[in-house]
Number of protein chains: 2
Amino acid sequence: MRVTSGIRNRTRQAIVDAAITLLAGNPACSLGEIAAAAEVGRTTLHRYFAERADLMAAVAVEGGERLTRAARLAELDKGTGAEALLRLCREYFDLGSLLSLVFSEPEGACLDEGEQTDLEAVIRRGHADGSIDPVLPPDWVISLLWSQLYAAWSYLGERPGASRHHVLDLLTRTVANAVRGPGAI
Amino acid sequence: MRVTSGIRNRTRQAIVDAAITLLAGNPACSLGEIAAAAEVGRTTLHRYFAERADLMAAVAVEGGERLTRAARLAELDKGTGAEALLRLCREYFDLGSLLSLVFSEPEGACLDEGEQTDLEAVIRRGHADGSIDPVLPPDWVISLLWSQLYAAWSYLGERPGASRHHVLDLLTRTVANAVRGPGAI
DNA sequence: CTGTAGTGGAACACAGGTGTTCCATCGCGG
DNA sequence: CCGCGATGGAACACCTGTGTTCCACTACAG
């Protein structure tokens with residue numbers, strides 16, 4: 001048997017993508033707006049996601065997958081802890097509007113349990129190799145990373161003049177300094 | 001003539017305070033919830049604020065005053081730019097749940113126009129005296145400050161074990177490092 | 001005691017989002 | 001051509017929040 005007809009998958013994906021984009025700007029946006037953004041009738045949206053909660057669940061799954069993909073691209077096991085953290089920072093930054101969505105969550109419910117601990121392990125590696133200030137607890141560094149990612153993303157959105165590359169440069173610079181601690185040159 | 005009877009002011013203030021606390025946790029919370037939190041009937045709330053927008057305006061004014069008061073306490077004209085920025089950071093941190101509220105704004109609509117430019121002047125002073133990395137634009141430093149304040153506040157809220165003092169210490173340390181730049185020891 | 005300020009509750013109409021049903025349309029393969 | 005999958009629109013009932021009105025209660029000053 002064929003897997004569900006292909007066109008269904010495309011429509012479904014369009015709805016989820018639109019939902020991520022709109023929910024990032026307004027977590028309370030209506031299903032009608034999402035349907036319109038996905039260029040789909042509200043009826044069709046309900047055909048794919050019976051209740052609002054079903055769509056939210058699909059958005060969470062999609063978001064989780066994108067985060068996982070970004071973390072894989074960052075090759076967290078390479079280099080010093082701080083280097084790995086900055087690579088992850090760059091990959092996450094590419095996730096765009098998803099950042100707003102993750103950041104507005106109850107904080108921590110966003111990452112898969114496994115990735116959270118993986119990331120903490122990276123930071124502890126940074127503590128050990130001297131690239132991350134040992135005084136900073138891993139979960140503090142993580143919340144610092146997320147808040148700066150969100151700040152960078154909204155900074156970019158509010159200043160039409162700023163280039164993506166320039167903002168990414170500011171972001172990595174400040175994160176690197178914040179994490180490095182007072183000792184290094 | 002006596003100014004409006006005193007009890008009115010108390011009730012009004014209770015409503016605004018409750019609104020700030022609840023809106024920080026849920027920007028879309030209902031007037032009924034706010035009235036309940038203020039231990040006031042919904043009818044009474046409408047007696048003070050005819051429309052939702054009126055309450056929001058009062059919240060904005062109250063928030064603006066608290067921010068102004070905090071900025072005054074920080075004595076921004078003393079010391080190096082970075083020192084002034086860190087004092088402001090400490091004062092703002094004491095504002096508590098108001099931080100979430102300010103941070104969820106369209107960013108920048110929160111501060112009075114004057115304070116925004118005052119703060120930018122402080123940062124430029126930091127550029128000049130070498131205490132703040134001149135590569136970082138003033139508005140970037142400001143958004144960095146707010147995002148870290150928000151992160152610190154929610155970090156404190158989610159970890160019942162963490163002491164306010166300890167979190168404030170982490171906050172000032174990371175902000176100081178992020179802003180100082182790569183050159184200093 | 002009486003009037004008044006402040007309040008709370010019940011009830012109402014209204015608006016908007018939600019979830020559902022029903023029907024019409026379009027494209028495509030048999 | 002016919003049927004089927006996919007869609008869109010209209011209409012509906014429902015729920016929640018909002019803004020308003022009306023009435024009853026309490027505290028307190030004159």
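A note on names: the letters A, B, ... follow the listed sequences, proteins ahead of strands, and every chain is numbered from 1.
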Given protein heavy atoms under 4.0 Å, the one-letter contact record of nucleotides 17-27 of chain C, with B base, S sugar-phosphate only and - none, is simply SBBBB------

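Cation-pi check for A:R52 over A:F49 is not met; the charged atom does not lie both under 6.0 angstrom from the ring centroid and within 45 degrees of its normal.
For the OP1/OP2 pair of C:dT7 and a distance below 4.0 Å, the side-chain nitrogens and oxygens of B:Y48 include at least one atom meeting the criterion. In terms of phosphate contacts, B:T44 brings no side-chain nitrogen or oxygen within less than 4.0 Å of OP1 or OP2 of C:dT7.
One can place CG of B:N9 at 16 Å from C1' of C:dT7, the figure rounded to the nearest angstrom. Atom CG of B:N26 and atom P of D:dG17 are 10 Å apart (whole Å). We find that CZ of A:R12 is positioned 13 Å from P of D:dT7, with the value rounded to whole Å. Rounded to whole Å, the distance from CG on B:L45 to P on C:dG9 is 13 Å.
Between A:E120 and A:R124 a salt bridge is recorded (basic side-chain N to carboxylate O distance below 4.0 Å). The pair B:E62-B:R66 meets the salt-bridge criterion, with a side-chain N (NZ, NE, NH1 or NH2) lying under 4.0 Å from an Asp/Glu carboxylate O.
Rounded to 10°, the angle separating the first-five-pair axis and the last-five-pair axis of the helix from C:dC1-D:dG30 to C:dG30-D:dC1 equals 10°.
In this structure, the side chain of B:R125 engages the main chain of B:G79 through a donor-acceptor pair within 3.5 Å.
Residues A:W146 and A:Y92 place their aromatic rings such that the two centres sit under 6.0 Å apart.
When all heavy atoms are compared, the tightest approach of A:L101 to A:V59 is CD2-CG1, 3.7 Å.
Side-chain contact annotation: A:N9 with A:R12, donor-acceptor N/O pair under 3.5 Å absent.
Contact of the A:F93 side chain with the A:Q148 side chain is not registered, since no non-hydrogen atoms from C-beta on lie closer than 4.5 Å.
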